[in-house]
Number of protein chains: 2
Amino acid sequence: MPERLPTLDEQIAIYQREYRDLDPQVEKVVNALSRLDRRMNVAYGRQLATLGLTSPEWEVLKELVMAGSPYQLWPGTIAKRLGLTPAAMTHRIDRMLTQSLVTREPDPDNRVRVIIGLTDTGREKWLEVMRKASVFEEELLQDLSSPERGQLGELLTRLLRRVEDAQPDAGGRLTDLD
Amino acid sequence: MPERLPTLDEQIAIYQREYRDLDPQVEKVVNALSRLDRRMNVAYGRQLATLGLTSPEWEVLKELVMAGSPYQLWPGTIAKRLGLTPAAMTHRIDRMLTQSLVTREPDPDNRVRVIIGLTDTGREKWLEVMRKASVFEEELLQDLSSPERGQLGELLTRLLRRVEDAQPDAGGRLTDLD
DNA sequence: TGTGTAGTCTTTAGCATCGAACTTTAGCTT
DNA sequence: AAGCTAAAGTTCGATGCTAAAGACTACACA
């Protein structure tokens, strides 16, 4: 009974025994991506915890900063980008309000809308996380030379372009399903 | 008030305005990874739904197949790999039992342990998902030549090696935190 | 101007997950 | 052997999420 996580190559070898037509090259890329993201999130989670933040809160802060000055978005927009229901967004904002990370004001242009804004506290928190995160990120990439880093970024960007064009708001579809 | 998701490069430009010491090359890699994983999961989720599977169930099936014949693991092992608490694992297995995707038997060698096994139904489901997923994966990578795919796989593997060595069971730490 | 329709956010009920306490067993230690 | 410690998995209470329904607003069209 194996305790140890199979290496990526072991995983793919087994997958190929189960499904002969599998393309090992493609599978390697896709599974490496997914494994990396899991590990990165574990690492981020640790750093967030030391700063008294949860990962849901962090996601929202990122979106608001990413929006640029004046750091405002509608709840529905954030929800769509994060793949959440509007209901979840309502409650997340509620929680973040109690910590003064964000504000919620009525939209003067449309009374059924609401504007979520980033507070200075929220912006500060974002910065603290980034400072810690960048240490981890540098460590993660330390085995890659600068040209390799650039190349990796470029290759990933090309993948991303395809999938983001196909799912503009995460609502499109890349393949026909039925 | 922006509705549109900033492109990766826009995002990084804004981040740099907020945090001047940020390394754009590193940030590009890390954020592309995270964006890609989100999109991939959306796509997988769709395909799973058409096969009557949920993503939590899919995760467990993957681990059992990955273990190789005879497709058996302890609940605690699966939980650790998926980053779940043992409690969550118990309930997941309960649900999967009702669909005959897995079995739960006492471990003959240690009466406090339990063995989760993959059923033929579960193995079939895994195969169905993989067949659909490989279509999507091929489409995702279609803009990359075969050497580029190999290169991307190799670069990602090097990152993965570093982080998996540092967090052997997702319990280690890559950076000192306090 | 009135009405229908679509869209935005909130409320509610049900469910999955977490953290923590608990039960049972295995393996030491003396 | 007997007791101590560590480990595995289940149970329990609390929290965040989803899906669906509801309240309200804006816009199009007659």
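Each chain gets a letter, A, B and so on, in the order the sequences are listed, and its residues count up from 1.
- Under the side chain to side chain donor-acceptor pair (under 3.5 Å) criterion, the residue pairs touching residues 83-98 of chain A are A/Glu59-A/Arg92, A/Asp94-A/Arg104, with sequence neighbours excluded.
- Other residues sharing the hydrophobic cluster of A/Met1, ordered by chain and number and joined by side-chain separations under 4.5 Å: B/Trp74, B/Ile115.
- In terms of the side chain to side chain donor-acceptor pair (under 3.5 Å) criterion, residue partners of B/Gln25 (sequence neighbours excluded) are, by chain and number, A/Ser146.
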When every nucleotide of nucleotides 6-18 of chain C is labelled 5' to 3' by its protein contacts under 4.0 Å (heavy atoms), B for base, S for sugar-phosphate only, - for none, what sequence of letters results?
-BBSBBB---SBB

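- Of the residues in residues 62-72 of chain A, not one comes within less than 4.0 Å of DNA chain D through any heavy atom.
- Along DNA chain D, the stretch of nucleotides lying under 4.0 Å from any heavy atom of chain B spans, 5' to 3', D/dA8 to D/dT11.
- Contacts of A/Pro86 classified as side-chain contact (heavy atoms from CB on, under 4.5 Å), with partners at least two apart in sequence or in another chain: none.
- Considering only residues two or more places apart in sequence or on other chains, B/Thr119 meets the side chain to side chain donor-acceptor pair (under 3.5 Å) condition with none of them.
- Every side chain to side chain donor-acceptor pair (under 3.5 Å) that B/Ser145 has, sequence neighbours left out, goes to B/Glu148.
- Residues satisfying the side chain to side chain donor-acceptor pair (under 3.5 Å) test with B/Thr103, not counting sequence neighbours, are none.
- Considering only residues two or more places apart in sequence or on other chains, B/Asp107 meets the salt bridge (charged side-chain N to carboxylate O under 4.0 Å, His left out) condition with none of them.
- Each salt bridge (charged side-chain N to carboxylate O under 4.0 Å, His left out) pair with one or both residues in residues 5-29 of chain A, not counting sequence neighbours, appears once here: A/Arg4-A/Glu10, A/Asp9-A/Lys28, A/Glu18-B/Arg123.
- In this structure a side-chain-to-backbone donor-acceptor pair under 3.5 Å is present from A/Arg158 to B/Asp143.
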